[in-house]
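First the structure, in the form of structure tokens, and then the observations on it.
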Number of protein chains: 4
Amino acid sequence: MGTARLRVGVIGLGRMGQIHARHLAELPQAELVVVGSRRPAVAERLARELGVEWADSYEAVLERRDLDAVVIATATCEHVSHVIHAAERGRAIFCEKPIALTLEDTDRALDAVRRAGVPLMVGFMRRFDPPYARAKELIEAGAIGRPVMYKGVNRDPRWPAHEDDDPAVSGGFFVDMGVHDYDLAWWLMDSPIVRVHAIGGALVYPQLATVGDVDNGLVNVEFASGAVGNIDVSRNARYGYDIRTEILGDEGALWIGTIQQTPLLVLDRTGVRHDVYPWFPERFATAFRNEMLAFVTGVLADKPLSPSGEDSRRALAVALAVKRSYTEGRPVPVGGAQEAST
Amino acid sequence: MGTARLRVGVIGLGRMGQIHARHLAELPQAELVVVGSRRPAVAERLARELGVEWADSYEAVLERRDLDAVVIATATCEHVSHVIHAAERGRAIFCEKPIALTLEDTDRALDAVRRAGVPLMVGFMRRFDPPYARAKELIEAGAIGRPVMYKGVNRDPRWPAHEDDDPAVSGGFFVDMGVHDYDLAWWLMDSPIVRVHAIGGALVYPQLATVGDVDNGLVNVEFASGAVGNIDVSRNARYGYDIRTEILGDEGALWIGTIQQTPLLVLDRTGVRHDVYPWFPERFATAFRNEMLAFVTGVLADKPLSPSGEDSRRALAVALAVKRSYTEGRPVPVGGAQEAST
Amino acid sequence: MGTARLRVGVIGLGRMGQIHARHLAELPQAELVVVGSRRPAVAERLARELGVEWADSYEAVLERRDLDAVVIATATCEHVSHVIHAAERGRAIFCEKPIALTLEDTDRALDAVRRAGVPLMVGFMRRFDPPYARAKELIEAGAIGRPVMYKGVNRDPRWPAHEDDDPAVSGGFFVDMGVHDYDLAWWLMDSPIVRVHAIGGALVYPQLATVGDVDNGLVNVEFASGAVGNIDVSRNARYGYDIRTEILGDEGALWIGTIQQTPLLVLDRTGVRHDVYPWFPERFATAFRNEMLAFVTGVLADKPLSPSGEDSRRALAVALAVKRSYTEGRPVPVGGAQEAST
Amino acid sequence: MGTARLRVGVIGLGRMGQIHARHLAELPQAELVVVGSRRPAVAERLARELGVEWADSYEAVLERRDLDAVVIATATCEHVSHVIHAAERGRAIFCEKPIALTLEDTDRALDAVRRAGVPLMVGFMRRFDPPYARAKELIEAGAIGRPVMYKGVNRDPRWPAHEDDDPAVSGGFFVDMGVHDYDLAWWLMDSPIVRVHAIGGALVYPQLATVGDVDNGLVNVEFASGAVGNIDVSRNARYGYDIRTEILGDEGALWIGTIQQTPLLVLDRTGVRHDVYPWFPERFATAFRNEMLAFVTGVLADKPLSPSGEDSRRALAVALAVKRSYTEGRPVPVGGAQEAST
């Protein structure tokens, strides 16, 4: 090929790491060089399938000198050290969301990235989902006037949704699930979230209460612009994976998302039925691909990456305020490092 | 006809009074006898059209001895005196919602009704809308398990929606519009609303701020059962009148309502379009008819009427807490007479 | 009431007669005077419910001197004699479709009506269904340019759909069901149907083959304008009663109709479901009411009635050509009295 | 990679050839080696983008000894010679539909393939569209009982849809567009189409009449099983690219396809709008990818390919009967080589 391809390594081969590796293997603009996991069998199997090298440690990948970029899909609690490691080696970095579960840890990672001067992009893939991307364009083009209300739906069909779904590790549902929507809300409304009020409970899975987590929650959010919003999270959308957003402006509205996966209706004596998205890999398949494409082409073109590390930090600040609001039963302002992570 | 028909008079011939009068004129179980308005021209025109008598004062109707029942669709601020008057004359009463704007006034009316031993029904017509009525049946039949989340959408296309739309008289948007959904939420979730948190603002019509009213609002609600909910109200759904509800249970969900009025798509070079409900008379046409039918047949059969005066009182108590929460910027418990109306 | 009400009698109290009688009882512009049936118990019960008189013979109603109009909902084979009888008594006539099963019989009835100079309207209620009525307006306003293709769907959920569903009496499915759509097609495309080609078979209910009838059929139709169309009929839409139409113009299209009755989705582990129209009384409830309203107000205002007797005649001519096409396995021109009924 | 990848060349770099080349470049199971076009600039640009070799003649690709397979996306009139050439070189062949415009030419190509013993797959990509693929599974699993009616919609938004849209070369609309649906109908109903009746006209683009082509057409089809069907084709679906199918069985139905591309509604004072698929590359993006995947993995696994050359031949036989039926104004049986291509 005439133009250079971005040489990329992927570390962490759980669900997300495998998704990213597969998309990188397909992108003409990228060359997936190596995949790394602490589980050698997993790494070897995927490497064989994709025709790339493999490593049985993250460090072995991070230390390779022949990589332009690294995709970090390890456990959230390890993100910070891997981001710092990759930054120190001068790699462009794609890191899964959130970078960390505290603002202090996030700042440590972002400082290292800043010092190293490397590009960093964070995995809020919903921004790359076609209807959400189009919604952003429409809002910026004035299609609905000035946005005044944000309504977000975020529902998993069950809990645990996967075997590693540990609230203690993930930061809890208001963080792990909610952070996607806090990012969307801030981005689409183009205004900082300044205050939140959360209610909810462990209404379906009582054992979640023992770790302070919820299975159903509702968050009222106030934007600096004066606009208002509400975000729901649930772990018991028995019908499927359900991510939707409505944005109301003073001159129109946008309704984004659907639960129907395939344009096929089955009609019989028992009724009319369609399928639904079972979970996020199916719902956001195109988004994940577009996200990797944006990362790869952005780095190759030396353009600013988005969503940025700062975007991740601000979404986390909202998440921490939400958790505190839920715990304390009162509205909580969204703070910076000092306030929000105390 | 073999069976007796309920002889009814209607007072107040604004939009709602005319709707009720027309339905009563059509119901085989009822005999619309007289319509009364302080505007004689209005009363005479409607009476002529429907082939009934008319009066140019409310009292003239309330004092007639040949009526079994009275439908009160006068201004909200006059409901109490008309309810008391009708109760003292022993009439079955249908009163538009809300009975009053304070709990004290509501209690005065309900006391009079109780003393007189007359039946009273209040105009929360949404309960009679086929999809809402069916939803109630499905929930009671266990179709979605235990309800854990309530989401309500209440959006008018514009403000003022009609010429008499005066926040000072109506109680404001959190009361006038919201009260329908507080009633629905309590009824469908079958659990008292115990605490609310409201945010919002006069974001589109700044003049509303001068009377303390809003055009966009979001209310987090907590139910005694532990379930949670959120209710939005907006005055700028430019696309049409938009009333929808989602209820999430631990074993399923219900999505109620649609904005599309007619099953007709128009497709051309500019896109695909359908019509929408312009406003509540169109959206709830069937509900209004079913509501009158329930009132008339309920009185004839001497069955308890629902929604009751107490239903109206509790919805008002929620509304008052919502207003205070909005004003004070904090969650507010839903009180009884003492607390909530202080 | 200031204005006179149309005094109407209804004969034939099967499903359609009862529907019409109930609507007449509700319309302020009409006074239902009497209902007649050869089944006295049926007539008496309905009369008692609606508070009107009853008769145990059709003739007793037709002979009354105090009626302005008669609604004829008797068996198809009796329509002609009842239309003639009513015409001779000078009554305005509403007759269920089709007037007769041959063009000769139809002409005898239409001749009597013409001689008597009485108004006649025929029961193609689909024209009064809001989406179809709106479609007609949109086409006339040029919303889709020049119509070039008509697609009609006509599907019953089962056979027999009712106990009296006898192909020998009804004329068969291509007549009894199809005639509604031949009328719609001619009316909406505003062009005569000049040739038809029908295929089909008794594919689900083989016993229908013994009487030359079908349970599934498809009719290609050619319009005088050059436009083309296709109409399907089926007796095995297990999912519900399904009436839809698409019209394609050179500048746009209309899609008319839906199978969903109530705007309510039920979502659970087994999928997403909505209800469907079970059969025509539910699907066309509004149409039947609007149809009676048009008849009553049309007669009162002395305006031409539509659909007319000629409309019924031409739809029958199409139906007869369809039957012949199916039998002979070739395209058949749509004829007048001579040709088509030979 | 452990397993061998299929080495493929693509000839013909119009719209379809480019689509196939891009998918092959992404598939881990394939190695796109070379792309060939008579337009060197086109070939070079695509080759550079995908990082593969290029050739400025089809023969240069067909003669290469290092290819396992060839994708033929040249002009329809050249398919036969290219298929024969590729077969004689022993390559696995993917050929765009239809193989030829006469049964004799088709047979010459199929004979060469048979003699050479090479695998051949034909580009009826709709079979690989997720809802159509799922529909086939559901029918085979008995979800709708025995299929009795097929309804197909095939509508382009305009004509010419692309600059090379020449009816004389493509075989006309009943062939070029219709052939996809004849294949779907035969495949999904699992029964031969035995007779067709076509109507239509050049109603929107009169110039098409001069070459005997149509812009709107309707085809009644009869299956050997007794089932019946209808297929529409139109060149003036101004609203977008519209491909849908309904299949009615004796125990249920399937509705396949949608015109809405993105799950995003825009709602404002002018109404409610969604986007639509502009044309086939967008509508069948996933299908084209799945199709190439099926070809590549099928050849690698030495499994029978489908749709086969025989499938292409039978769809052409239907298309030829349709054309003759339209010309002669009568139902025409679907013949074999002798009858249908006379």
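Letters A, B, ... are given to chains in the order of the sequence lines, protein chains preceding strands, and every chain is numbered from 1.
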What part of A/Asp242 lies closer than 4.5 angstrom to a heavy atom of chain B: side chain, backbone, both or neither?
->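 It is the side chain, since no backbone atom gets that close.
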Of the backbone (N, CA, C, O) and the side chain (C-beta and beyond), which part of A/Arg235 lies under 4.5 Å from a heavy atom of chain B, both, or neither?
-> neither
When [options] are compared by non-hydrogen pairs under 4.5 Å with chain B, the top option:
options: A/Ile144, A/Asp215, A/Asn216; answer: A/Asn216
options: A/Asn236, A/Val219, A/Ile199, A/Val228; answer: A/Ile199
options: A/Glu251, A/Arg244, A/Glu246; answer: A/Arg244
options: A/Gly201, A/Ala198, A/Gly226; answer: A/Gly226

Of the backbone (N, CA, C, O) and the side chain (C-beta and beyond), which part of B/Val153 lies under 4.5 Å from a heavy atom of chain A, both, or neither?
-> side chain
Between the main-chain N or O of A/His197 and the side-chain N or O of B/Asn220, is there a donor-acceptor pair closer than 3.5 Å?
->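 Side chain of B/Asn220 to backbone of A/His197, a donor-acceptor pair under 3.5 Å: yes, one is there.
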Short question: side chain of A/Arg238, backbone of B/Asp250 - any donor-acceptor pair under 3.5 Å?
->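 Side chain of A/Arg238 to backbone of B/Asp250, a donor-acceptor pair under 3.5 Å: yes, one is there.
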Which atom of A/Ser234 lies closest to which atom of B/Met149, heavy atoms considered | CB-CE, 4.2 Å
Atom of B/Pro331, atom of A/Gly329 and distance for their closest heavy-atom approach | CG-O, 3.8 Å
Taking B/Val204, B/Val221, B/Asp232 one by one, which has the highest count of heavy-atom pairs under 4.5 Å against chain A?
-> B/Asp232
When heavy-atom pairs shorter than 4.5 Å are enumerated against chain A, which of B/Tyr239, B/Trp255, B/Tyr205 gives the highest number?
-> B/Trp255
CG of B/Leu218 to CG of A/Asn230: how many Å apart, nearest 0.5 Å?
-> 5.5 Å
